[in-house]
Amino acid sequence: MGAIAGFISHGPVAEGERLVAAMVRSMEHEPFYTLGNYAVPELGFYVGWTACEPSFAAGRVFFNEQHDVALILSGECFVDPEIPSNLRRKGHQLDSDDNWLVHLYEEEGEQCVEGLNGLFSGLLIDKRQGAAFLFNDRYGAERVYWYQIKDTTYFASEAKALLRVLPETQAFDEYGLADFLTYGCTLEGRTLFRGIQLLPAAAIWSFKHGQCRKRKYFSPETWELQPGLSPEKFQTEFQETFRRVLPRYFGSQAKIGISLTGGLDTRMIMACRPDSARNVVCYTFSGESGETFDDRLAAQVAKACGLEHRLLRLGPDFFSDFASHVDRTVYVTDGCFGATGAHEIYFNRQARQLAPIRLTGNYGSEVLRGVSTFKSIGLSPVLFNPELNCALDSVTGSLTNGNTHPVTFAAFREIPWNLFGCLAAGRSQVGFRTPYLDNEVVALAYQTPETLRKSPMPSWRLVKASSPLLSSIPTDRRPAPGTPQPAAALSRLFSEATFKLDYLSNEGWPHWMSPFDFIFTRVTSSLKIVGLHKYLHYRQWFRRELADYLKDIVSSTRTQQAPFWNRRFLAKMATEHLEGRHNYVAEINAVLTLEAIERLLFREFAPL
């Protein structure tokens, strides 16, 4: 959707615009991106951007009439229609409502960010005060990486922009690497890169006269202190809030693609979509062949709504060009998504051909029902050298959820830390929207009664109240409400059993079962059980279609000389996985991903 990068110095900087241009070029991932820059050299403010049409920022600077207040924005803000109306009544000239935030700042000062809704980051420059304000959304989902040296603060939406101009950062951070190898992501404000940190969620940092004042404009405790609601009151509020919020996410002159699955979260979007949402297409990501539950149910839902539905499939080129897909994924996401995420950009590139904006049900299960996959990834300790094992031991147990509110854990930790890689990959191709991080929806989730905290029933009731036809279609995990009990129980049992078999076959295959893999594969394939839920089969792909790629990377001099690995185990790991004697897909992903990070973001970034 776009990115920003720049730096703030205590005074004019020689060749400042050249440095910003280099930072921005490192984030130019596609030919359809627009690039630009803006500088106030006398104040030491330099910023550039990339934008992917039709993003909210649209690759431009937002000014007030006097051009002494400027805003450069990444991401999207969803505005309450009352705000532009109020600003017009006060005499402000708005350019198609797009520059309302600049005028809101003129009315409210830096406090204007406190009421913003969406996933965004930005730099606001006020020449009148000689001040700049660097800020992000309240979840920290729109990342801002920063690095400070002497009297200069560098910032960027993507770490590679800092790596490009700061050679001293082109090395792994010990603690960030330990996080990554323990949980698959970095925690808190840490990153994989030496000296580079993440701007905290809900941050607004003001720079004025050589001073930096750091503050947070929002804390999840504000929502945690809300009183709980009764089940009846919550259901009423839930339905009213979701219906009121959803039209914001359909607001666009460009075509919108709904990334449709067989689950509840996209079902809610379809059931409550506004009547004005006409320029819409639905699609579902799928494998090379066959049909999953998502494929079948999504087609039924789209048909019931009178909308076009497409299956976007993996083609032969995904496997033949897998090395380039891995490199692109690692580069675009700064290593937050690796080898086993190589499909994400591939699919979203297809999605952009249908519609430049993607509306998804992402994060609904995490925010509304407390579903979580955030845990230790359990890499074999034999993979690492002894020194690295000591570092990994130091972070074990540092991810705690015991006293954390489940919605806080989901919205302020799991989504911006653990699920960021998928988001970063997808939005390099399409505008990304989800109603499940809307401020009103998340705030209400904190008021869910304990009896409904993990229940799908509020969502089912919303679907039924909004579209009885859609509520009669089952989801990929549950029969439709009202299904007779014996049939419902059998359907639920079949769905859960096949889901677990899919997980076992594709991701969770234990070492001790490896000798039986051949038998399991033959039986489940003949019964057409495996593949009903999942279409990504990296465990098998690394043994077949991607075997040569795996062997080449693991045996390369670069990988063998990396300081992290037990070299004797690397060859054994690859051989035992290829021969089906063990399941090392998580270890393989770690090795391939770190090799690509080191090669693409360290070695190949020549000094300016």
Side-chain angles (χ1 to χ4, degrees), residues 1-3 27-35 50-59 74-76 119 249-262 265-266 269-270 273 277-292 294-303 305-333 337 341-362 421-435 535-536:
M1 288 176 63
M27 304 187 297
E28 185 183 9
H29 305 310
E30 297 291 346
F32 52 79
Y33 284 18
T34 59
L35 285 66
T50 67
C52 172
E53 291 288 353
S55 65
F56 174 83
S74 175
E76 279 193 300
L119 306 183
Y249 296 86
F250 280 93
S252 173
Q253 294 182 352
K255 195 169 188 177
I256 291 178
I258 302 178
S259 184
L260 196 55
T261 69
D265 300 319
T266 54
I269 292 172
M270 297 295 281
R273 76 191 193 286
R278 302 292 184 185
N279 196 17
V280 172
V281 63
C282 301
Y283 51 77
T284 302
F285 299 161
S286 190
E288 313 103 287
S289 60
E291 286 189 333
T292 63
D294 275 345
D295 299 344
R296 299 168 189 171
L297 295 172
Q300 292 181 44
V301 170
K303 183 177 180 180
C305 295
L307 295 175
E308 178 187 8
H309 179 257
R310 301 277 194 92
L311 284 183
L312 305 183
R313 292 191 178 276
L314 292 173
D317 60 318
F318 175 72
F319 300 101
S320 61
D321 300 335
F322 187 72
S324 63
H325 293 310
V326 173
D327 284 0
R328 175 173 288 274
T329 300
V330 169
Y331 182 82
V332 166
T333 68
F337 226 27
H343 56 277
E344 196 67 26
I345 293 177
Y346 182 91
F347 278 128
N348 280 280
R349 181 171 286 171
Q350 294 183 58
R352 185 176 178 84
Q353 301 306 309
L354 300 178
I357 295 176
R358 177 185 171 195
L359 177 57
T360 85
N362 285 14
C422 183
L423 169 62
R427 69 182 179 188
S428 71
Q429 305 299 311
V430 293
F432 176 90
R433 293 180 178 179
T434 174
Y535 59 86
L536 299 172

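When a residue number appears, it is its place in the shown sequence, counting from 1.
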Heavy-atom closest pair, residues [X] and [Y]:
| X | Y | answer |
| --- | --- | --- |
| S252 | I357 | OG-CD1, 3.2 Å |
| G361 | T434 | C-OG1, 4.3 Å |
| C305 | M270 | SG-CE, 3.8 Å |
| N279 | A254 | ND2-C, 3.9 Å |
| G251 | R433 | O-NH1, 3.1 Å |
| A425 | F337 | CB-CD2, 4.2 Å |

| query | Can you find a heavy atom in the side chain of S428 that is under 4.5 Å from one in the side chain of Y33? | reply |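 Contact flag for S428/Y33 side chains = yes.
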| F285 side chain reached by Q350 side chain, heavy atoms, under 4.5 Å |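 No; the side chains remain at least 4.5 Å from each other.
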Working to the nearest 0.5 Å, report the span between [atom1] of [X] and [atom2] of [Y].
| X | Y | atom1 | atom2 | value |
| --- | --- | --- | --- | --- |
| C422 | F432 | SG | CZ | 7.5 Å |
| L119 | L423 | CG | CG | 7.0 Å |
| S259 | D294 | OG | CG | 9.0 Å |
| N348 | Q429 | CG | CD | 7.0 Å |
| L311 | R296 | CG | CZ | 11.0 Å |
| I258 | I256 | CD1 | CD1 | 7.5 Å |

| request: Test L354 against L312 for side-chain contact (heavy atoms from CB on, under 4.5 Å), laying out the working first. | output: CA-CA 10 Å; L354 300 178; L312 305 183; 4.0 Å; yes
| field | E344/R328 salt bridge by N-O under 4.0 Å criterion | value | no
| Hey, what's the ring geometry for Y535 with F347, parallel, tilted or perpendicular (30° and 60° as the breaks)? | perpendicular
| message | Checking the side chain of D295 only, and the main-chain atoms of T292 only, is there a donor and an acceptor separated by less than 3.5 Å? | response |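 Such a contact is found between D295 side chain and T292 backbone.
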| Can you list every side-chain hydrogen bond (donor to acceptor under 3.5 Å, both in side chains) pair that touches residues 305-318, not counting sequence neighbours? | T284-H309, S286-R313, E308-R310, D317-Y346
| task | State whether F32 and R352 meet the cation-pi test: NZ (Lys) or CZ (Arg) under 6.0 Å from the six-membered ring centroid, and within 45° of the perpendicular axis. | result | yes
| query | So, for H343 and F318, is the gap between ring centers shorter than 6.0 Å? | reply |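 Not under 6.0 Å, so no.
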| query | Does T333 have any side chain to side chain donor-acceptor pair (under 3.5 Å) partners at least two apart in sequence or in another chain, and if so, which? | reply |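 In terms of side chain to side chain donor-acceptor pair (under 3.5 Å), with neighbours along the sequence ignored, T333 is linked to no residue.
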| Any chance NZ of K255 has more than 12 other-residue heavy atoms, nucleotides or ligands included, within less than 6.0 Å? |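 Check passes, neighbour count above 12.
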| said: Restricting to ring pair (Phe, Tyr, Trp, His ring centres under 6.0 Å), what partner residues turn up for F319, sequence neighbours left out? | reply: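 If we apply the ring pair (Phe, Tyr, Trp, His ring centres under 6.0 Å) test to F319, skipping adjacent residues, the hits are W541.
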